[in-house]
Every structure is written in C-alpha cells, then in structure tokens.
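The structure appears below as structure tokens.
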Amino acid sequence: MAAPLTMSMDLHYNMNISNISEPKHPNFFPKISRYPIRKSTIFCNSSKSPPNLEEPQKNSSLSDQLKPLSKTILSENAKEQAQLLIKPPKSTWVNPTKPKPSVLSLQRQKRSPYSFNPQIRDLKLFAKKLNDSDYTSDEAFFSILEEIPHPVTKENALLMLNSLKPWEKALLFFNWVKTQNLFPMETIYYNVTMKSLRFGRQFGLIEGLANEMIENGIELDNITYSTIITCAKRCNLFDKAVEWFERMYKTGVMPDEVTYSAVLDVYAKIGKVEEVMSLYERGRASGWKPDHIAFSVLCKMFGEAGDYDGIRFVLQEMKSLEVQPNLIVYNTLLEAMGKAGKPGLARSLFEEMVESGVTPNEKTLTALVKVYGKARWSKDALELWDRMRSNGWPMDFILYNTLLSMCADLGLEEEAERLFEDMKQSQHCRPDSFSYTAMLNVYGSGRKVDRAMELFEEMSKRGVDLNVMGCTCLIQCLGKSQRIDDLVRVFEVSIKRGIRPDDRLCGCLLSVMSFCDNTEDADLVLGCLGRANPKLVAFISLLMEEGTKFETLKEEFKAILTDAQLESRRPFCNCLIDICRKRNLQERAHELLYLGTIFGLYPGLHKKTAGEWSLNVRSLSVGAAHTALEEWMISLLNIVEREEALPELFSAYTGAGTHKFSQGLASSFASHIEELAAPFRLSDDRVGCFVATRDDIVSWAQSRVPSPALTA
DNA sequence: CTAGGGTTAG
C-alpha cells in the first residue's frame with residue numbers, strides 16, 4: 001500500500017493548514033455607525049463559491065469604470081467625502097461655490113401623459129384577435145393586419161404595440177409600422193417594443209434595436225436604458241448590463257433613480273457588495289433619497305451574503321431618512337435576518353411589522369417559516385401556523401409546502417400529516433410534487449417505508465409527477481430498510497418517467513450501497529448507479545481492484561469531484577470510504593480520506609492550539625470518522641515515538657447527534673475508540689466530545705498492544 | 001405587462 005506513515009504525516013500536515021475556514025459569527029465586528037465596507041466584504045466573500053468556479057464575468061471594478069466620471073463630476077476631497085459618510089447630505093447645498101456632485105439625476109424622467117383613446121375597445125379586440133391567431137408566416141400576420149379597424153395613428157400604434165403578445169407579434173407589428181412610413185419612430189415605440197422583448201428574454205434583439213436607435217439618431221432615454229439593463233440582468237448578461245450603464249454616462253445621459261436602482265440590483269445579484277456600496281454612497285452624496293425599492297435591493301444583497309452588519313446598516317439608513325419599511329422591504333428584511341442567522345430579530349421585526357399595521361402576505365409568512373425552520377424553532381413555527389389560520393392571513397401552496405418541508409426537516413411527522421390533509425381539503429391548492437417530496441422526506445427520515453411507498457402509489461393515481469428529490473428521499477428510505485427490489489423498481493420507474501438523476505441521487509445510491517450487507521444487493525444498487533453516473537461506477541471498480549495505483553486513484557477521484565456539484569463532493573467521499581470499509585479495504589479508505597483532505601472536502605477536520613488538539617468528525621460518515629480516528633492515532637503514535645511536543649489536551653468532536661444525519665455517529669465512534677483501545681472518554685461538560693490528556697496519550701502509546709487497524 | 005427598478009420552496 002502507499003506508505004501509511006508518510007501519508008498519516010501528510011494528512012496531519014494538511015489538517016494544520018486547513019483550520020483557516022472558521023464558521024463566521026456575525027457578532028464578530030464591534031458596533032459601528034456606518035456599514036464597514038472593507039471588513040464586511042472580505043467577511044462575506046463567503047465559502048459560497050469556490051475559487052475554481054468561474055465568476056459570472058470579469059468586470060473591472062465600478063470605481064475603475066467611473067474614474068473619468070469621478071475626475072470631472074465627483075469631489076475628490078477626501079475630507080468632504082468622509083463627512084458625507086458620517087452625515088447624510090442636507091437637502092440644501094450649503095456651499096454654492098462648489099458644484100453639487102452628481103452621479104444620478106434627482107428628477108425622474110417625465111412620461112408623456114396618457115390620453116384617452118376612444119378607439120381603445122376596437123383596437124384591444126383586434127389585438128386579441130392577432131394574439132390568438134395561429135398564423136404560419138409573417139405574410140399571413142401582415143394580411144390580418146390589413147383588417148385593422150382604425151387608421152394607424154401614433155396613438156393607435158402605441159396602443160396596439162402595448163397589447164400585442166408574445167414578443168414575436170409585437171416585434172412584427174413594430175417592424176410593420178416602421179415600413180409603413182406613417183410617422184417617425186420615436187423613442188417610446190422602441191421602449192414599448194423592448195419591454196415586450198424583455199418578457200421573451202430576447203436581449204440580442206433588444207441590443208439590436210438600441211443600436212438601430214443610435215444609428216438613426218433616436219434618443220435613448222432612461223426608460224430605454226433601464227429596460228436594456230434589466231433585460232440583460234434577467235438573461236444573466238451582467239457584463240452587458242454594466243456596459244450599457246456606462247454608456248449612459250459616456251453619451252451624457254444621467255441615470256435617474258429607477259435606472260440607478262436597477263444597476264444597484266445588477267451589482268447586488270453578482271455579489272459585488274463593494275460596487276453597490278460605492279454607488280450607493282455616491283448616490284447619497286448627490287442628494288439622492290433612496291426609496292423602498294433601493295432598500296430592498298440592499299437588503300436582499302446583505303441577506304444573500306449573510307451579512308448582519310449590512311442589514312443593520314440598511315435599517316439605520318431607513319431610520320435616519322425616515323423611510324418606513326413597506327411590505328416588500330419587511331419581507332426582504334425577514335429573509336435576510338434568517339440568512340444572517342438572527343431568528344430572534346426576525347421574530348421581533350415581524351411583531352413590529354404587524355403592530356405597525358402592515359398585514360403580512362404569503363411571502364412574509366413563507367420567509368418567517370423558513371427562518372424558524374432553519375433555527376429549528378418548531379414551537380414558533382407551529383404557533384405561527386395557528387396564528388395565520390385564526391387571523392385569516394393569506395396562505396398559498398408555496399407557504400404550505402414551506403411548512404411541510406420545515407416539518408420534514410424537524411421530523412414533525414404528525415404536524416406534516418395534518419398540513420398535508422389540510423392541503424388536500426383546501427379549495428385553492430392541491431399537493432404538488434413538492435408537497436409529496438416533503439412527505440416522502442418525512443416518512444423517509446421516520447423510517448415509515450410503507451407509508452412512503454403508499455405515497456408513491458398515490459402520486460401515480462393522482463397524476464402528480466415524482467421529482468428527482470422525491471425520488472431521492474424514497475430511495476433513501478427503501479435503502480435504509482434494505483428493500484432493494486422496491487428500490488430498483490422505483491428507480492426504473494423514475495427514469496422511465498423522465499427523471500434525470502443528479503448528484504444527490506447518486507450520493508444517495510452510494511450511501512445505500514455502503515450499508516448493503518450482501519453482494520447481490522450491492523450489485524443491484526450499483527446497476528442503478530451505472531445508469532446515473534457510469535464514471536462513478538468505474539471509479540468504484542478501480543477502488544476494488546488490488547493493483548490500482550494511488551496516483552491513478554488520485555487523478556480519477558479528482559475528475560469525479562470536479563464533475564460533481566459542490567455540495568455532493570463530501571458525501572461522495574464519505575460514502576466511498578464507507579463502501580471500502582464495508583469490504584475490508586481499509587487502506588483504500590485511508591487513501592480516500594487523505595485525498596478528500598487534500599481536495600479540501602474536510603476543512604476544519606483538525607485544529608491545533610497551544611493547549612489543545614482536536615479532531616472534528618461531525619461532517620464525516622461513520623466509516624470516514626473511524627478512518628480519521630485511526631489516522632489521528634497513528635500520527636500521535638509517531639509523535640510520541642519521536643518525543644515531539646504534545647499539548648495538554650486532546651479532543652474529538654462527534655457532535656450531539658441532533659441532526660438527523662449524524663445520529664449514531666457518537667455511539668459508533670465510541671465503540672471504535674474501544675476497539676482501538678484509544679484512551680479517550682466522553683467529556684462530562686462538553687456535549688458530543690471525547691477527551692484525553694497528554695499523559696493518557698503517552699502512556700497509551702508506550703504500553704500499547706499492537707492493533708491491526710493502527711499498523712502498516 | 002397601460003414606455004423603466006425590488007420579495008415566495010430542496
């Protein structure tokens with residue numbers, strides 16, 4: 001085998017450098033009066049996207065992009081900037097010798113007044129006829145157009161353009177009007193057409209129209225730009241959105257607050273917090289009073305980043321500008337608080353909202369249920385459910401489904417059943433595949449395999465499609481009960497019904513395989529896995545072959561992990577280790593754990609301080625935790641042998657097992673400690689923690705009876 | 001969707 005001693009040393013070495021990724025704690029920063037841009041951006045460049053995954057695009061920072069602007073328009077006086085950061089600018093500009101710096105126009109673009117068109121009824125009907133018509137060629141469309149009941153005046157054309165859908169028809173009409181040469185095509189016709197194209201996410205066509213406007217000298221106004229920018233955003237073409245925003249300044253069009261907040265949202269969506277804050281501050285310095293929409297953009301951004309300081313900043317800004325949150329801002333705030341891990345604050349904010357007379361809607365309640373679910377506050381969540389029923393607050397199927405999945409997460413079987421029945425009785429909503437998935441999850445984690453299969457049959461009867469997640473829950477449940485024949489049947493049916501297995505389903509099949517006691521069952525599961533991910537099956541064969549070289553394993557495993565979704569990588573490794581241990585391939589298990597460590601799947605597995613070394617196996621499967629313990633003991637043996645320095649205390653964390661996946665880890669870890677005769681004992685004061693002193697370790701190492709698990 | 005910006009499920 002690949003030399004175990006060096007490997008254990010390597011593993012050890014790697015464990016030392018892996019303790020940089022600590023769970024963040026929002027209270028880390030002291031209280032601040034303004035949002036600390038620099039600190040928090042580092043703080044919230046969170047582990048969400050790994051460094052090797054591509055950024056949405058490579059923009060130069062906005063501050064670079066706006067540099068020419070800042071030279072000409074913005075004050076470069078640092079003192080003045082600093083003052084602006086402390087005090088919001090007053091509405092009257094005190095120093096008339098200095099021009100007011102401006103990045104946005106405080107005047108919203110005026111819209112032409114709507115005038116009543118007496119022909120509206122006829123034209124709407126005609127538009128509906130066109131909308132419903134199923135023509136086969138453009139010519140056919142044009143020939144119907146000839147029947148237009150009124151002359152195509154400027155107003156009538158606008159009305160038609162606004163009523164035609166989908167975008168193909170609106171665009172055809174627009175082009176038709178253009179060729180008729182009835183009147184010059186002004187900005188508004190382009191704007192209305194672009195809006196229609198935006199519904200169809202036709203950014204290429206929108207850009208084409210914009211270029212046509214430029215070529216023909218037709219003015220692009222704020223409405224044009226904001227439509228282009230938001231379309232680019234919806235098409236995930238963020239570089240395009242920024243490009244058109246910059247073009248505004250270059251062509252001398254000052255964005256108004258609508259365009260400005262659209263751009264804020266562009267930067268927020270790609271997580272460029274610093275750019276958003278820079279724009280925000282510049283806007284504020286220009287005398288802009290952000291409205292509800294701008295604040296909800298900021299809230300959403302900080303929520304996504306889990307940045308509580310950012311959320312506090314938004315609250316404080318709203319307070320100092322005397323902007324009362326509206327329903328949407330409250331909803332965004334509640335969700336953000338949940339993501340920042342502040343369920344208590346979310347709860348009091350919700351009470352404040354109700355007291356201030358804002359009636360919660362479905363989204364409010366959904367957000368709050370999610371907050372409580374994540375915090376595992378089942379009591380609050382269930383009380384909220386009672387309260388929404390007695391207050392007659394609006395409920396929709398998403399809220400029902402959110403409640404159901406919360407019950408699934410917290411193992412609230414009876415409550416889930418009640419909700420599910422409620423939903424079936426309800427006038428407005430029927431359980432859909434999401435609801436069934438939640439129920440399958442409930443029965444799956446409660447090991448109610450018969451109930452789960454009943455649901456599966458019920459779904460077929462009611463014509464509810466099983467989705468990939470429901471399939472995964474059911475397969476997990478069947479696997480745990482060793483009902484492999486049913487498992488294969490469910491898998492086959494699922495594939496036949498068009499479910500495309502994802503990494504989670506593969507991980508689930510792997511875990512089922514890891515606890516199959518006989519080879520026939522394991523091979524059946526392997527057969528399913530082969531249909532879902534043949535590469536993974538090939539890798540398992542490599543693991544089982546005696547002659548496979550470590551380097552080969554390393555390359556192949558790397559390829560598997562690269563292909564896998566981020567959140568499935570560690571489960572893959574855990575299950576593969578378990579599969580190896582089940583087949584007594586301990587060396588392979590150690591090799592896999594080592595590879596998992598160097599590929600960064602187990603950050604924070606081992607931590608060292610001057611006084612204590614600790615092993616944290618909470619994110620490991622049972623087999624992986626056993627392997628890690630063996631690896632740790634081997635490296636400790638070596639250190640004692642070489643008489644190197646050891647700390648006073650050693651600890652191994654398995655966690656208290658409150659999470660449904662981690663149950664049983666502590667007890668099986670304890671029995672493995674016993675098997676190895678390792679000198680650890682359950683800590684009295686630390687839950688889910690095994691401890692040993694330096695003396696324990698040293699005397700164990702010196703008087704140790706050789707154990708096969710700990711020898712080369 | 002009455003020419004433009006913000007919020008719901010694993």
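All of these numbers come straight from a predicted model, not from anything done at the bench. All chains are named by letter (A, B, ...) in the order of the sequence lines, taking the proteins before the strands, and each is independently numbered beginning at 1.
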How far, in whole Å, is B/dT7 from B/dA3 if one measures between their C1' atoms? 24 Å

Using a 4.0 Å heavy-atom cut-off, does A/Thr230 contact any base of the nucleic acid, only the sugar-phosphate backbone, or nothing at all? sugar-phosphate

Would you check if A/Glu219 and A/Val253 make a side-chain contact, meaning some heavy-atom pair closer than 4.5 Å? no

Please report, rounded to the nearest Å, how far the P atom of B/dA3 is from the CE atom of A/Met194. 16 Å

Taking atom C1' of B/dG5 as reference, at what distance in whole Å does atom CE of A/Met248 sit? 12 Å

Using whole Å, what does the distance between atom P of nucleotide B/dT2 and atom OH of A/Tyr189 come to? 18 Å

Check every strand shown and say whether A/Asn467 touches a base, only sugar-phosphate, or nothing at a heavy-atom separation below 4.0 Å. nothing

Between A/Arg108 and B/dA3, does any side-chain N or O lie under 4.0 Å from OP1 or OP2? no

Rounded to whole Å, CD of A/Glu304 lies from P of B/dT8 at a distance of 8 Å

For the base of B/dG4, is there a side-chain donor-acceptor partner from A/Ser226 under 3.5 Å away? yes

Separation of the P atoms in B/dG6 and B/dT2, to the nearest angstrom: 14 Å

Look at A/Arg111 and B/dG4 and indicate whether a side-chain polar atom (N or O) is within less than 4.0 Å of OP1 or OP2. yes

Donor/acceptor link under 3.5 angstrom from A/Asp256 side chain onto base of B/dG4: yes

Across the strands shown, which category fits A/Arg504 at heavy-atom distances under 4.0 angstrom: base, sugar-phosphate, nothing? nothing

Ring pair (Phe, Tyr, Trp, His ring centres under 6.0 Å) with A/Tyr260: which residues, sequence neighbours excluded? A/Trp288

Applying side-chain hydrogen bond (donor to acceptor under 3.5 Å, both in side chains), can you list everything that pairs with A/Asn401, at least two apart in sequence or on another chain? A/Asp432, A/Ser435

A/Lys110 near the nucleic acid: base, sugar-phosphate alone, or nothing, with a heavy-atom cut-off under 4.0 Å? base

Reckon A/Lys300 touches a base, only the sugar-phosphate, or nothing at all at heavy-atom distances under 4.0 Å? sugar-phosphate

Need one value for A/Asp502: base, sugar-phosphate or nothing, where a base atom within 4.0 Å counts as base even if backbone is also close, heavy atoms only. nothing

Going by modelled atom types, is there a donor-acceptor pair between the base of B/dT7 and the side chain of A/Asn331 at under 3.5 Å? yes

Residues pairing under ring-ring contact (aromatic ring centres under 6.0 Å, His included) where one sits in residues 182-202 of chain A, two or more places apart or in two chains, turn out to be A/Phe174-A/Tyr190, A/Phe183-A/Tyr189

Quick note, A/Lys195 side chain, CB onward, closest among B/dT7, B/dT8, B/dT2 is B/dT2

Which residues share a ring pair (Phe, Tyr, Trp, His ring centres under 6.0 Å) with A/Tyr436, sequence neighbours left out: A/Phe420

Separation of atom CG in A/Asn441 from atom C1' in B/dA9, rounded to whole Å: 13 Å

Can you list the residues that meet the ring pair (Phe, Tyr, Trp, His ring centres under 6.0 Å) rule with A/Trp393, with sequence neighbours excluded? A/Phe350

Below 3.5 Å, does any donor atom in the side chain of A/Thr259 face an acceptor in the base of B/dG5, or the other way round? no

Would you measure the distance from the C1' atom in B/dG5 across to the matching atom in B/dC1 and give it in whole Å? 14 Å

A/Lys363 side-chain proximity, nearest of B/dT8, B/dG5, B/dG6: B/dT8

Gap between atoms CG and C1', on A/Asn191 and B/dT2 respectively (whole Å): 14 Å

Atom-pair distance (OH on A/Tyr267; C1' on B/dG5), nearest Å: 16 Å

Side-chain heavy atoms of A/Glu413 within contact of A/Tyr443, under 4.5 Å: yes

Could you tell me whether the phosphate oxygens of B/dG5, OP1 or OP2, come under 4.0 Å of any side-chain nitrogen or oxygen in A/Lys233? no

Rounded to whole Å, please give me the gap between NZ in A/Lys374 and P in B/dA9. 13 Å

Taking B/dG5, B/dG6, B/dT8 as options, the one with an atom nearest any side-chain atom of A/Thr366 is B/dT8

Per the side-chain hydrogen bond (donor to acceptor under 3.5 Å, both in side chains) rule, which among A/Asn222, A/Asp221, A/Thr227 passes with A/Asn191? A/Asp221

For A/Gly338, does its backbone N or O pair with a side-chain atom of A/Lys374 as donor and acceptor, under 3.5 Å? yes

Under 4.0 Å between a side-chain N/O of A/Arg234 and OP1 or OP2 of B/dC1, yes or no? no

Looking at DNA chain B, which of residues 216-224 of chain A put a heavy atom within less than 4.0 Å of it? A/Asp221, A/Asn222, A/Ile223

Against the six-membered ring of A/Tyr308, is A/Lys342 placed for a cation-pi contact (under 6.0 Å from the centre, within 45° of the normal)? yes

Are OP1 or OP2 of B/dT7 and a side-chain N or O of A/Lys269 less than 4.0 angstrom apart? yes

Closest of B/dA3, B/dA9, B/dG5 to the A/Asn401 side chain is B/dA9

Checking all strands, does A/Phe397 fall into the base, sugar-phosphate, or nothing category for heavy-atom contacts under 4.0 angstrom? base

Any A/Lys370 side-chain nitrogen or oxygen under 4.0 Å from OP1 or OP2 of B/dA9: yes

